[in-house]
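Here's the structure we're looking at; comments come further down.
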Amino acid sequence: MGINLIAFGGGGGIAVGGVRFSMATSWAVRAELPKAPDLCADRSILRNGSSSSRRRDLVFVVNPSGANGRTGTEWKKLLPYLRSRLSADCNICESLTSGPSHAIDITREAIREGADAVIVVGGDGTLHEVVNGFFWAGKPVTNYDRDATRSTALGLIPLGTGSDFARSFGWKNDPCEAIDRIAKGQRSWIDVGVISGEDGEAHYFVNVADIHLSAKAGYHASSFKRFGNLCYVIGSLKAFVGHRNQDLKIKVNEGEWEVYSQVTALCVGNAKYFGGGMKITPNADPCSGSFEVVILQDFKWYDFILKLHKLYNGTHLTVKNVSSRSVHSIEVEDISGSGNIYVQSDGEHLGFLPRKFSILPSAVEMIC
């Protein structure tokens, strides 16, 4: 899979896919990206270039087809302001994704080559992939230069359909405001959630992971992204068809197993929002070192209609059959063993129960 890169700005450079971007003038280059884990043919390229430059190397990961192509269109409009705001102090590398999981490979390559930051341009789906690119085989990806003292940060220009993660920080879908944050370069450590299944493979998330009805709704919503935020309504309607609440077995913080009857949905929040602005885990904080878990039990279709406003404004925790707790880890199993209880994280379908969710405190630095 190739990386399409366009670089703008002044001197210095970054190497991706074994190609060093010398940015004295504006130009474009295409570089082929080898498959992980060995993504770079010449590990010395960036080290040789970076030692002579104090400019920040920023890699912008753009999903041009995101939000039905709106992300690509808005990104092109944004480039003049981005250049004017950042090019004096930064080497700007644009990388266009060409398909699923491409952003993961791009991110790993950028980190290994010592980028100052990987900036997501898009929505929660692209953010989800980039966050997973910060890890490989259960461990954080690191700079090839073992003497490097600064880690690669995560940045975000929200241009997607939902952009729910940005809401937890109070950020608007204002790309110019996001570029101003990037220019300032202030960093904070955020937590990352890790999900493991029976196969032992780790999967990472920064926003909300959820189980059963809401996850099934998200699965169906992904087929209707062309309708914008309306896709979440359509997905929910489809998910209700044939839905049955299920008894689940839950283990919190490596304790004893507990049975929760007639579970409609279970949400594991590292941040607050999902589903296009629904404040489902209102007490979650990605800098707290813990998840907020919210469980809805014995909900009927009319309960969602009557209580939808509470779900969106975050006041549903006082509703009957809704419970909340702070956890560091939670394991969830389907008592029936049906194998058809949906699981998703950050809006991406991950399969079915059983799953374990654990917090990685202060796992990634974020520009905020």
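This is a predicted model, so every value here is computed, not measured. Only this structure's heavy atoms are used, side chains among them; waters, hydrogens and symmetry mates stay out. All residue numbers in this chain count up from 1 along the given sequence.
- For the pair Arg187/Ser151, a side-chain contact is recorded, criterion being any heavy-atom separation below 4.5 Å from C-beta on.
- Environment of NZ in Lys238: sparse, with no more than 12 heavy atoms of neighbouring residues, nucleotides or ligands closer than 6.0 Å.
- Residues Phe135 and Val364 are in side-chain contact: their nearest non-hydrogen atoms beyond the backbone lie under 4.5 Å apart.
- Applying the side-chain hydrogen bond (donor to acceptor under 3.5 Å, both in side chains) criterion to Asn68, with sequence neighbours excluded, gives no partner residue.
- Contact check on Glu254 versus Lys356 returns a salt bridge, with a Lys/Arg side-chain nitrogen under 4.0 Å from an Asp/Glu carboxylate oxygen.
- Between Phe240 and His243, the ring-plane angle classifies as perpendicular under the 30° and 60° cut-offs.
- Of all non-hydrogen atoms in Asn313 and Lys279, the two that sit nearest each other are O-CD, 3.9 Å.
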Given Cys176 and Leu78, is the side-chain contact (heavy atoms from CB on, under 4.5 Å) satisfied, shown in steps? CA-CA 8 Å; Cys176 292; Leu78 186 62; 4.2 Å; yes
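- Within a 6.0 Å radius of CD in Glu256, other residues, nucleotides and ligands contribute 12 heavy atoms or fewer.
- Contact between Phe299 and Lys320 at its shortest, heavy atoms only, is CE1-O, 4.0 Å.
- Inter-residue side-chain proximity for Lys216 and His212 is flagged as unmet; no heavy-atom pair is nearer than 4.5 Å.
- Annotation: side chain of Phe274 is in contact with side chain of Cys267 (closest heavy-atom distance under 4.5 Å).
- Residues satisfying the ring pair (Phe, Tyr, Trp, His ring centres under 6.0 Å) criterion with Tyr219, sequence neighbours excluded, are Tyr342, His349.
- When side chains are defined from C-beta on, Leu82 does not count as touching Glu94, because their heavy atoms never get closer than 4.5 Å.
- When only modelled atom types and interatomic distance are considered, Asp346 and Tyr204 share no side-chain donor-acceptor pair under 3.5 Å.
- Lys300 has no carboxylate O lying under 4.0 Å from a charged side-chain N of Asp303, or vice versa, which leaves the two without a salt bridge.
- Looking only at side-chain heavy atoms (C-beta outward), His316 and Val294 come within less than 4.5 Å of each other.
- Here the CZ atom belonging to Arg181 is positioned 8.5 Å from the CD1 atom belonging to Ile157, to the nearest 0.5 angstrom.
- With no hydrogens or angles considered, no side-chain donor-acceptor pair links Ser261 and Asp247 at under 3.5 Å.
- Through direct or relayed side-chain contacts under 4.5 Å between Ile, Leu, Val, Met, Phe, Trp and Tyr, Tyr260 connects to Ile195, Phe205, Ile211, Leu248, Ile250, Val252, Val263, Leu266, Val268, Phe291, Val293, Ile295, Val327, Ile330, Val332, Ile341, Val343, Leu350, Leu353, Phe357, Ile359.
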Tell me, with the steps shown, if Val120 and Leu154 meet side-chain contact (heavy atoms from CB on, under 4.5 Å). CA-CA 8 Å; Val120 176; Leu154 170 68; 4.0 Å; yes
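- Counting heavy atoms from C-beta outward, Pro286 and Val206 have side chains that stay 4.5 Å or more apart.
- Salt bridge status for Glu109 with Arg112: absent, with no side-chain N to carboxylate O gap under 4.0 Å.
- Side-chain contact between Gln297 and Asn245: absent, with no pair of heavy atoms (C-beta onward) separated by less than 4.5 Å.
- With respect to the salt-bridge test (charged N to carboxylate O, under 4.0 angstrom), the residues Asp180 and Arg85 qualify.
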